Amino acid sequence: MSLNNCVFHGRLGNNPEITTLPSGKERTRFSIAVDRDYKDQEGNRPTDWIAVTMWGSANYARKTNLAKGDSVIVSGRMEQFTWTDEQGQKRTSIGLNCDRIYLTAKKRESDENKSAKDKAAEQAAANYDPNAEDDLPF
(Lines give C-alpha, C1' and ligand atoms only; values in the text may rest on other atoms or scores of the structure.)
Protein backbone atom coordinates (compact mmCIF):
# COMPACT_ATOMS: atom_id res chain seq x y z
CA MET A 1 0.00 0.00 0.00
CA SER A 2 1.20 3.54 -0.68
CA LEU A 3 -0.03 6.93 0.43
CA ASN A 4 0.30 10.30 -1.24
CA ASN A 5 -1.14 12.96 1.09
CA CYS A 6 0.52 16.34 1.63
CA VAL A 7 -0.39 19.32 3.81
CA PHE A 8 1.16 22.77 3.43
CA HIS A 9 0.67 26.03 5.33
CA GLY A 10 1.77 29.15 3.50
CA ARG A 11 0.81 32.44 1.87
CA LEU A 12 -0.66 32.86 -1.60
CA GLY A 13 1.99 34.15 -3.98
CA ASN A 14 -0.56 35.36 -6.49
CA ASN A 15 -4.29 35.86 -6.85
CA PRO A 16 -6.09 32.64 -7.77
CA GLU A 17 -6.67 32.15 -11.49
CA ILE A 18 -10.09 30.57 -12.12
CA THR A 19 -10.64 28.93 -15.50
CA THR A 20 -13.77 27.25 -16.81
CA LEU A 21 -12.87 24.38 -19.13
CA PRO A 22 -14.96 23.47 -22.21
CA SER A 23 -16.44 20.60 -20.18
CA GLY A 24 -17.83 23.18 -17.71
CA LYS A 25 -15.52 22.07 -14.90
CA GLU A 26 -13.78 24.90 -13.01
CA ARG A 27 -10.06 24.88 -12.26
CA THR A 28 -8.43 27.23 -9.75
CA ARG A 29 -4.65 27.72 -9.79
CA PHE A 30 -2.32 29.62 -7.51
CA SER A 31 1.02 29.20 -5.79
CA ILE A 32 1.87 29.34 -2.11
CA ALA A 33 5.10 30.33 -0.42
CA VAL A 34 6.11 27.98 2.40
CA ASP A 35 8.98 29.12 4.61
CA ARG A 36 11.37 26.52 5.96
CA ASP A 37 11.79 26.22 9.72
CA TYR A 38 15.45 27.26 9.78
CA LYS A 39 17.55 30.24 8.75
CA ASP A 40 20.45 30.13 6.32
CA GLN A 41 23.88 31.69 6.93
CA GLU A 42 22.57 35.16 5.98
CA GLY A 43 19.71 34.87 8.50
CA ASN A 44 17.00 34.34 5.88
CA ARG A 45 14.41 31.57 5.82
CA PRO A 46 14.49 29.74 2.48
CA THR A 47 11.09 29.63 0.79
CA ASP A 48 9.62 26.77 -1.22
CA TRP A 49 7.02 27.64 -3.86
CA ILE A 50 4.22 25.10 -4.28
CA ALA A 51 2.03 25.16 -7.40
CA VAL A 52 -1.57 24.37 -6.37
CA THR A 53 -4.49 23.28 -8.56
CA MET A 54 -8.05 22.87 -7.25
CA TRP A 55 -10.84 21.29 -9.28
CA GLY A 56 -14.42 22.38 -8.77
CA SER A 57 -13.71 24.52 -5.69
CA ALA A 58 -13.80 27.93 -7.35
CA ASN A 59 -16.81 28.97 -5.25
CA TYR A 60 -14.69 28.77 -2.09
CA ALA A 61 -12.04 30.99 -3.67
CA ARG A 62 -14.73 33.49 -4.67
CA LYS A 63 -16.66 33.34 -1.37
CA THR A 64 -13.59 33.89 0.80
CA ASN A 65 -12.12 36.35 -1.71
CA LEU A 66 -8.76 34.58 -1.70
CA ALA A 67 -5.99 36.98 -2.66
CA LYS A 68 -2.23 37.30 -2.81
CA GLY A 69 -0.74 37.30 0.69
CA ASP A 70 -3.58 35.39 2.37
CA SER A 71 -2.50 32.57 4.70
CA VAL A 72 -3.94 29.16 3.81
CA ILE A 73 -3.61 25.49 4.64
CA VAL A 74 -3.93 23.21 1.62
CA SER A 75 -3.97 19.44 1.44
CA GLY A 76 -4.07 16.94 -1.37
CA ARG A 77 -1.75 14.78 -3.39
CA MET A 78 1.51 15.69 -5.09
CA GLU A 79 1.52 15.02 -8.82
CA GLN A 80 4.23 15.07 -11.45
CA PHE A 81 3.44 16.80 -14.73
CA THR A 82 5.35 16.16 -17.96
CA TRP A 83 5.08 18.22 -21.14
CA THR A 84 7.11 19.30 -24.15
CA ASP A 85 8.07 22.97 -24.33
CA GLU A 86 8.21 25.18 -27.43
CA GLN A 87 11.81 24.14 -28.16
CA GLY A 88 10.85 20.44 -28.11
CA GLN A 89 12.46 19.81 -24.71
CA LYS A 90 10.70 17.44 -22.35
CA ARG A 91 9.88 19.24 -19.07
CA THR A 92 8.74 17.97 -15.69
CA SER A 93 7.34 19.74 -12.65
CA ILE A 94 5.47 18.79 -9.51
CA GLY A 95 2.44 20.42 -7.95
CA LEU A 96 -0.29 19.84 -5.43
CA ASN A 97 -3.67 18.58 -6.64
CA CYS A 98 -5.64 20.20 -3.82
CA ASP A 99 -8.77 18.62 -2.37
CA ARG A 100 -9.05 20.81 0.76
CA ILE A 101 -8.22 24.43 1.49
CA TYR A 102 -8.63 26.47 4.66
CA LEU A 103 -8.23 30.23 4.88
CA THR A 104 -6.32 30.91 8.11
CA ALA A 105 -5.75 34.68 7.82
CA LYS A 106 -6.38 37.49 5.37
CA LYS A 107 -3.43 39.64 4.38
CA ARG A 108 -3.14 42.65 6.64
CA GLU A 109 -4.24 45.89 5.08
CA SER A 110 -1.62 48.56 4.63
CA ASP A 111 -2.10 51.90 6.42
CA GLU A 112 -3.02 53.51 3.08
CA ASN A 113 -5.99 51.18 2.64
CA LYS A 114 -7.38 51.42 6.17
CA SER A 115 -10.50 53.45 6.66
CA ALA A 116 -10.52 56.58 8.81
CA LYS A 117 -12.70 54.71 11.32
CA ASP A 118 -10.10 51.95 11.68
CA LYS A 119 -7.30 54.49 12.11
CA ALA A 120 -9.30 56.37 14.77
CA ALA A 121 -9.97 53.13 16.67
CA GLU A 122 -6.27 52.25 16.60
CA GLN A 123 -5.37 55.73 17.85
CA ALA A 124 -7.92 55.53 20.68
CA ALA A 125 -6.57 52.13 21.71
CA ALA A 126 -3.02 53.47 21.68
CA ASN A 127 -4.02 56.44 23.87
CA TYR A 128 -6.02 54.36 26.37
CA ASP A 129 -4.70 54.55 29.93
CA PRO A 130 -6.26 51.91 32.20
CA ASN A 131 -5.09 53.80 35.31
CA ALA A 132 -6.73 57.10 34.40
CA GLU A 133 -9.68 58.13 36.56
CA ASP A 134 -12.98 58.21 34.75
CA ASP A 135 -15.88 60.48 35.60
CA LEU A 136 -18.45 57.78 36.20
CA PRO A 137 -21.96 58.77 37.28
CA PHE A 138 -22.07 56.26 40.13
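Note that this is a predicted model, so its numbers are computed, not measured.
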Worksheet item: About how many Å separate SG of C98 and CD1 of I32, when rounded to the nearest 0.5 Å?
Response: 8.5 Å

Discussion item. Taking the side chain as everything from C-beta on, heavy atoms only, tell me whether M78 gets closer than 4.5 Å to N4.
Written reply: yes

Worksheet item: Looking only at atom types and distance, does a side-chain atom of N15 sit under 3.5 Å from a main-chain N or O of K68, one as donor and one as acceptor?
Response: yes

Discussion item. For residues I94 and M54: do they belong to one hydrophobic cluster (side chain heavy atoms under 4.5 Å, members Ile, Leu, Val, Met, Phe, Trp, Tyr)?
Written reply: yes

Worksheet item: Is it true that a side-chain atom of K106 and a backbone atom of S71 form a donor plus acceptor pair closer than 3.5 Å?
Response: no

Worksheet item: Do I101 and F30 have side chains that get closer than 4.5 Å, going by heavy atoms?
Response: yes

Discussion item. To the nearest 0.5 Å, what is the distance between CZ on R29 and CZ on R27?
Written reply: 3.5 Å

Practice prompt. Might you point out which heavy atoms bring N14 and S31 nearest each other, and give the distance in Å?
Written response: OD1-N, 2.9 Å

Fill in: R45 and R36, any side-chain heavy atoms less than 4.5 Å apart
no

Worksheet entry | Joint hydrophobic cluster, I18 plus L103, side-chain heavy atoms closer than 4.5 Å | no

Worksheet entry | Single-linkage hydrophobic cluster Y60~F8, side-chain heavy atoms < 4.5 angstrom | yes

Fill in: Ion pair check, R62 and E26, cut-off under 4.0 Å
yes

Practice prompt. State whether D70 and R11 are salt-bridged, where the test is any N-O pair (Lys NZ or Arg NE/NH1/NH2 against Asp/Glu carboxylate O) under 4.0 Å.
Written response: no

Worksheet item: Does any non-hydrogen side-chain atom of V7 lie less than 4.5 Å from one of V74?
Response: no

Discussion item. A side-chain contact here means heavy atoms from C-beta on lying under 4.5 Å apart; do V72 and T104 qualify?
Written reply: no

Worksheet item: Between OG1 of T28 and CH2 of W55, what distance do you get to the nearest 0.5 Å?
Response: 9.5 Å

Discussion item. Quick check: do L96 and R77 have side-chain heavy atoms less than 4.5 Å from each other?
Written reply: no

Worksheet entry | Taking every non-hydrogen atom, the tightest pair across S93 and W83 | OG-CZ3, 3.4 Å

Worksheet, complete the sentence: The reported gap from CG in D35 to OG1 in T47 (rounded to nearest 0.5 angstrom) is 4.0 Å

Worksheet item: Hey, mind stepping through T53 and N97 against side-chain hydrogen bond (donor to acceptor under 3.5 Å, both in side chains) and telling me if it holds?
Response: CA-CA 5 Å; T53 302; N97 189 335; over 6 Å; no

